[in-house]
Protein chains: 2
Amino acid sequence: MKVETAKRVGNACVWRKYSENILPPLLQAALDSFVEHGYHGTTIRTVAARAKLSVPGLYHHYASKQALLVAIVQFAMEDLLVRSEDAIAEAGSSVEEQFRLLIECLALFHAHRSELAFIAASEIRSLEGESRTAHIKSRDKQQQMVDNIINQGMREGIFDAEHPKDTSRAIVTMCTGIAQWYRHDGELSPEELAIRYANIARMTLGVGSGSQRRSVITAPTPLRTDARGRPDRG
Amino acid sequence: MKVETAKRVGNACVWRKYSENILPPLLQAALDSFVEHGYHGTTIRTVAARAKLSVPGLYHHYASKQALLVAIVQFAMEDLLVRSEDAIAEAGSSVEEQFRLLIECLALFHAHRSELAFIAASEIRSLEGESRTAHIKSRDKQQQMVDNIINQGMREGIFDAEHPKDTSRAIVTMCTGIAQWYRHDGELSPEELAIRYANIARMTLGVGSGSQRRSVITAPTPLRTDARGRPDRG
DNA sequence: ACTCCTACCGAGCGATCGCTCGGTAGGAGT
DNA sequence: ACTCCTACCGAGCGATCGCTCGGTAGGAGT
């Protein structure tokens, strides 16, 4: 019981804590370039310039362009899995609470770390060999965490879904999809969005949206758009 | 009233009809390559070889690599929008029916034409200039069709959502997400999947899943995976 | 004073990229 | 018989790609 305490910071859990600039500068430069142009559309010279390094300077830190992608994707999956486990642990034995916190955690991650999550999801085909296999394994593990909780809830009679497996996939897809459209300068904070998504997810399982917390204004009108086709307010 | 009849084939509507090999061979070769390696990861030589043409032979049909992508993406968006309008038209004046058929149509398209939909969604950043703007406009139009029907349903008191705009986005995301994981050789037919997704979507709006049609077996265990990280049973 | 090691870089190599030059083969029209 | 057009292709150009060679600068350890 005391094991989880080490992970807690104040009265909030680590899975809710998101600090800025978590990646080393070089990986951050690579991530920004990948988000803008894609892995194959990015040149090593662009990444080096963005990180204020020469090309050989870059290769001192990473063996290849592929190694940059692998490091980014591994970081993303590790971070998400640890947070997900923390969230479930915090929920205790209530399946309904486990589900609510896990979906909140998923949504929170895909909003706060949208660039990281976007690349981890969209550049699977650019990963070579074992890295791809390992990445897909992590992704499947994440899907299974949701599957298991939903199945448990079905057994306990808390959840009601005709096709739990399909519902589970739909829920995970709508959460991971956040990374495709979320904007850090939008009106909706990751925390507010996560609560809304947890409620939407609960409804697909026949559970009323239950105890809400706060409510905010509605969405804006898009103007220009960026590389990912999201509205650009910058 | 008679205007729509021309679009009907037998007793089913055109928006439900999906034939094989809809793209000209050269575009199909390009699409297959883009799905496998991404736009920037695909070389013009690969596409030419797959289409059994020389490189200059390819350039006789399309002016550039970019033109291939533009043609594919335009075809996809045009096809989806026409089908969506047909689906709504078939539904008549009932908002609940309009919603059900539109979601079915969305899901059907993203399952049947998953390769097309996958590229149209994932290669937005590879589109240059006006093509990108036009594509994003189409995509926003598609999102608005769902928004409008949900808003109408809210006004009529048929639908119940705390945040209709967020719910609408979540629903569209889960449907477009089908293109990322759907396999033509899986156990679930596009038609069955579409019915399930329509029911899941209805639940997020506080509408019971209502009249179901048939029910099928559950999902399989993944073995190997392909370029998109989907389970590979080939 | 010397040896290491870390953290870089100027110049450039070989391969591959998108695309083009200058053609040909064969059918349709007159 | 001649002109035109469509549908191609062998060879290769200039640019750019990922990556490397052979260095240097400066701090830490002895």
Side-chain angles (χ1 to χ4, degrees), chain A residues 21-75 119-120 122-132 135 227, chain B residues 21-75 119-120 122-132 135 227:
Chain A
N21 291 330
I22 25 97
L23 286 175
L26 180 48
L27 282 190
Q28 188 63 50
L31 176 59
D32 292 344
S33 299
F34 292 165
V35 167
E36 231 169 283
H37 310 108
Y39 175 74
H40 287 296
T42 295
T43 76
I44 223 72
R45 274 161 248 258
T46 311
V47 177
R50 213 190 273 249
K52 278 162 186 152
L53 282 177
S54 66
V55 170
L58 181 151
Y59 279 99
H60 175 70
H61 296 279
Y62 288 89
S64 63
K65 186 182 168 186
Q66 176 74 199
L68 289 167
L69 179 62
V70 170
I72 289 170
V73 158
Q74 277 179 354
F75 181 94
I119 291 307
S122 64
E123 295 292 359
I124 300 177
R125 64 186 163 189
S126 302
L127 284 169
E128 294 159 13
E130 273 186 63
S131 306
R132 177 140 98 203
H135 175 70
Chain B
N21 291 328
I22 24 97
L23 286 175
L26 180 48
L27 283 189
Q28 188 63 49
L31 176 59
D32 292 344
S33 300
F34 293 164
V35 167
E36 230 170 283
H37 310 109
Y39 175 74
H40 287 296
T42 295
T43 76
I44 222 71
R45 274 162 249 260
T46 310
V47 177
R50 212 190 274 250
K52 278 162 188 153
L53 282 177
S54 66
V55 170
L58 181 153
Y59 279 99
H60 175 71
H61 296 279
Y62 289 89
S64 64
K65 187 183 170 186
Q66 176 74 198
L68 288 167
L69 179 61
V70 170
I72 288 169
V73 159
Q74 277 179 355
F75 181 93
I119 291 307
S122 64
E123 295 293 358
I124 299 177
R125 65 186 162 190
S126 303
L127 284 169
E128 295 160 12
E130 273 186 63
S131 306
R132 178 141 96 203
H135 175 70

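Here is the naming used below: chain letters follow the sequence lines, and residue numbers restart at 1 for every chain. This structure is a prediction, so every number in the text was calculated from the model and none was measured.
Looking at every heavy atom in both residues, A:Arg45 comes nearest to A:Val55 through CG-CG2, 3.6 Å. Here the closest non-hydrogen pair linking A:Ser33 and A:Arg50 is OG-NE, 3.2 Å. Shown here for B:Ala48 and B:Ser54, the closest heavy-atom pair between the two residues is CB-O, 3.8 Å. For the pair B:Arg125 and A:Glu123, the tightest heavy-atom approach, listed with the atom from each and the gap, is NH2-OE2, 3.0 Å.
Taken residue by residue, residues 57-73 of chain A places heavy atoms nearer than 4.0 Å to DNA chain C at A:Gly57, A:His60, A:His61.
The line from CG of A:Asp32 to CG of A:Leu23 is 9.0 Å long, rounded to the nearest 0.5 Å. Here the straight-line distance linking atom NE2 of A:His37 with atom OG1 of A:Thr46 works out to 7.0 Å at 0.5 Å rounding.
Listed nucleotides D:dC17, C:dC9, C:dG18 differ in distance to A:Arg45; the shortest reach to its side chain belongs to D:dC17.
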**Report entry** side chain to side chain contact (heavy atoms under 4.5 Å, CB included) assessment of A:His60 paired with A:Leu53
**Finding:** CA-CA 10 Å; A:His60 175 70; A:Leu53 282 177; over 6 Å; no
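To the nearest angstrom, P of C:dC19 lies 16 Å from CG of B:Leu53. In this structure, B:His40 atom NE2 and C:dG18 atom C1' are separated by 13 Å, rounded to whole Å. Separating the CD1 atom of B:Ile44 from the P atom of C:dC19 is a distance of 6 Å, rounded to the nearest angstrom. Whole-Å rounding puts the A:Tyr39 OH to D:dC17 C1' distance at 12 Å.
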Query raised in the report: How is the base pairing of DNA chain C summarised as a dot-bracket string, given the Watson-Crick and G-U wobble criteria with both distances under 3.5 Å, [ ] for crossing and | for another strand?
Result: ||||||||||||||||||||||||||||||
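Nearer the 5' end of DNA chain D, as judged by each residue's closest nucleotide, is the contact made by A:Thr46, out of A:Pro56 and A:Thr46.
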Can I get a per-line list of side-chain donor-acceptor pairs under 3.5 Å for residues 62-75 of chain A, giving both atom names and the distance, sequence neighbours left out?
{"from": "A:Ser64", "atom 1": "OG", "to": "A:Ala67", "atom 2": "N", "distance (Å)": "3.1"}
{"from": "A:Lys65", "atom 1": "NZ", "to": "A:Tyr39", "atom 2": "O", "distance (Å)": "3.0"}
{"from": "A:Lys65", "atom 1": "NZ", "to": "A:Thr42", "atom 2": "O", "distance (Å)": "2.8"}
{"from": "A:Gln66", "atom 1": "OE1", "to": "A:Glu128", "atom 2": "N", "distance (Å)": "2.9"}
{"from": "A:Gln66", "atom 1": "NE2", "to": "A:Tyr39", "atom 2": "OH", "distance (Å)": "3.1"}
{"from": "A:Gln66", "atom 1": "NE2", "to": "A:Ser126", "atom 2": "O", "distance (Å)": "3.2"}
{"from": "A:Gln66", "atom 1": "NE2", "to": "A:Glu128", "atom 2": "OE2", "distance (Å)": "3.2"}

